[in-house]
Amino acid sequence: MQQSIKIGVLAFHGDVIEHILSLKKAASKLNLSMEVLSVRTKKDIDHIDGLIIPGGESTTLYKLCEREGMLESIKKIKNIFGTCAGAILMAKAINNKTKDQKTLELMDIEIDRNAYGRQTDSFEKPIETSLGNLLAVFIRAPKIKSIGKSIIVIAKDADEIIACEQNISGCYYLALCFHPELTSTLFHEHFLKKISLNFTSTQS
Amino acid sequence: MVQKGTFKIKSGLAQMLKGGVIMDVVNAEQAKIAEEAGAVAVMALERVPSDIRAAGGVARMADPTKIKEIQAAVTIPVMAKCRIGHFVEAQILQALKVDFIDESEVLTPADEENHVDKTKFIVPFICGCRDLGEAFRRIEEGAAMIRTKGEAGTGNIVEAVRHIRAVNRGVEELKRLFKAKNQSRLKKIALDYRISFDLVLTTAKLGRLPVVNFAAGGVATPADAALCMQLGVDGVFVGSGIYKSSDPQKRARAIVDAVAHFTDAEKIAKASENLGEAMKGQEISTLTTKLAARGI
């Protein structure tokens with residue numbers, strides 16, 4: 001009997017429900033046995049195989065994780081997928097930050113917050129990615145300014161990198177500037193596939 | 001093709017704010033306190049509602065310099081209020097690139113019959129409601145987010161609770177009728193509310209409002225905020241409750257923590273410790289003007 005994969009979604013704030021629904025749809029498309037957990041405390045992290053950090057305000061999300069004393073536990077999670085604010089939290093370096101703003105410093109990327117401007121500059125457009133095409137929604141979105149050598153680019157919009165991944169010391173990280181959870185399950189399927197591959201190899 | 005100002009983009013920002021606290025601020029210093037506390041957005045105002053109440057007279061959109069001052073102070077979204085039906089104030093706020101416009105009963109209404117046609121704007125709008133009918137009418141006018149009206153500036157949560165419950169009751173009724181396949185009754189409700197049958201049906205199927213719904217008006221303590229969350233709203237606005245208390249910094253943070261952990265009574269208890277004096281608050285029956293009754 002196959003054990004189910006446990007995915008947590010950081011649930012203090014942001015578009016949590018949208019990610020949970022996308023995950024469930026993705027798992028059912030892949031015919032994968034999966035459990036989703038809302039993560040609000042350090043204890044919630046103990047048994048998850050992967051974490052999604054949703055869209056929201058990166059400053060708020062970081063503060064709430066810090067107050068909960070869960071930053072170090074998050075850093076130890078093997079698979080992390082972040083969209084928009086989530087991607088900002090995963091970056092090693094950020095620009096246009098608020099005073100003393102910090103991140104988890106997991107991925108070798110430099111990211112600009114609110115890089116397109118305010119909400120009046122938010123937009124949607126169809127994009128091509130190495131995983132397939134989808135409608136991408138950019139809301140007060142960040143831009144990935146520069147990437148390290150081991151980063152794999154998944155999608156670009158003109159010259160801007162808008163989706164990328166990294167395998168580093170046994171960990172897998174996926175960061176997106178837009179919100180696939182509002183329009184597609186493509187990236188959730190990709191994330192689940194990556195985890196289930198690692199999952200099978202560590203179980204056997 | 002690149003598209004801006006679509007409903008997906010507008011309601012999308014509201015979706016990102018869920019689970020968060022949005023705080024009224026009147027200057028850069030207060031905006032920074034809000035951001036530091038973990039607010040997900042601020043509402044730029046000339047005066048907080050309790051001062052608007054005390055000052056009397058006509059309350060209007062804030063001075064643009066005030067809004068710019070606050071935009072320059074923080075990196076989180078900045079919202080601002082226009083008067084009900086005052087589409088030129090709304091045009092000005094869009095020109096100032098605020099992130100969300102609150103067409104608000106806290107300001108003196110400019111039009112007694114019409115709200116702003118929100119579909120004509122790129123900036124998303126949030127509007128207040130006291131029941132499901134008001135919420136539906138605002139959504140049909142293009143509102144991308146709803147807040148249940150409390151009685152702003154009173155520090156009294158009773159009106160917010162009344163209106164959250166009224167919306168919940170309305171949605172429960174739709175769910176029940178949908179389950180019973182009572183199409184004719186659902187059509188009658190659409191007619192009574194003066195809105196399309198589609199919106200009624202969508203809501204009945206979803207079992208909730210089709211846009212994000214925050215609580216607003218009268219939130220003074222972490223417990224008030226968590227109460228609204230447990231009653232089912234997606235987030236909380238706090239106005240006078242923070243800066244009319246004795247320790248705004250501490251109270252702002254405590255309310256953020258209580259909303260983030262709204263089902264965890266131990267955490268809310270901890271957040272509620274030693275906050276100093278809450279704002280004094282007012283009995284609803286003593287009020288000469290009830291703001292929530294504006295713009296139905």
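Below, chain A is the first sequence line, B the second, and so on; all start at residue 1.
Here the rule is side chain to side chain contact (heavy atoms under 4.5 Å, CB included) with B:T75, and of A:E57, A:K97, A:R113 only A:R113 fits it. The only member of A:E68, A:R40, A:R67 that meets side chain to side chain contact (heavy atoms under 4.5 Å, CB included) when paired with B:K267 is A:E68.
Of all heavy-atom pairs between B:I9 and A:F138, the closest is CD1-O, 4.4 Å. Between A:K63 and B:A37 the shortest heavy-atom distance is CD-C, 4.5 Å. Counting all heavy atoms, side chain and backbone alike, B:I76 lies closest to A:R140 at C-NH2, 3.5 Å. Between B:K18 and A:H13 the shortest heavy-atom distance is O-ND1, 2.9 Å.
Within 6.0 Å of NZ on A:K25 lie no more than 12 heavy atoms contributed by other residues, nucleotides or ligands. In B:K270, the NZ atom is not crowded: 12 or fewer heavy atoms of neighbouring residues, nucleotides or ligands sit closer than 6.0 Å. Heavy atoms from other residues, nucleotides or ligands lying under 6.0 Å from NZ of A:K24 number 12 at most. Counting heavy atoms of neighbouring residues, nucleotides and ligands inside a 6.0 Å radius, atom CD of B:Q249 does not exceed 12 of them. Around CD of A:E66, the count of heavy atoms belonging to other residues, nucleotides or ligands within 6.0 Å exceeds 12. Counted within 6.0 Å of NZ on B:K250, heavy atoms from surrounding residues, nucleotides or ligands total more than 12; the atom is thus considered enclosed. By the neighbour-count criterion of 12 heavy atoms within 6.0 Å, atom CZ of A:F123 is densely surrounded, having more than that number from other residues, nucleotides or ligands. A:E128 CD: 12 or fewer foreign heavy atoms inside a 6.0 Å radius.
When each of A:D121, A:N96, A:I17, A:L64 is checked for heavy-atom pairs under 4.5 Å with chain B, A:D121 comes out on top. Taking chain B as the reference chain and counting heavy-atom pairs below 4.5 Å, the highest number among A:Q101, A:H179, A:K125, A:E124 is found for A:E124.
Distance check, rounded to the nearest 0.5 Å: OG1 of A:T60 to CE of B:M16 gives 14.0 Å. Rounded to the nearest 0.5 Å, atoms OG1 (A:T120) and CG (B:L96) are 10.5 Å apart.
Within the 4.5 angstrom heavy-atom criterion, only backbone atoms of B:K10 (N, CA, C, O) approach chain A. If you measure heavy-atom distances from A:T41 to chain B, the contacts under 4.5 Å come from the side chain alone. For chain A, the nearby part of B:A39 is the backbone; its heavy atoms alone come within less than 4.5 Å. Residue contact with chain B, scored on non-hydrogen atoms closer than 4.5 Å, involves the backbone and the side chain of A:S122 alike. Residue contact with chain B, scored on non-hydrogen atoms closer than 4.5 Å, involves the side chain of A:E181 exclusively. If you measure heavy-atom distances from A:L135 to chain B, the contacts under 4.5 Å come from the side chain alone. Residue B:L17 touches chain A through its backbone alone, counting heavy-atom pairs closer than 4.5 Å.
With hydrogens and angles left out, the side-chain atoms of B:E35 and A:T98 include a donor and acceptor closer than 3.5 Å.
Side-chain contact between B:Q15 and A:I139 is absent, with no heavy-atom pair separated by less than 4.5 Å. Contact annotation: the side chain of B:V78 approaches that of A:R118 to within less than 4.5 Å [non-hydrogen atoms, C-beta and beyond].
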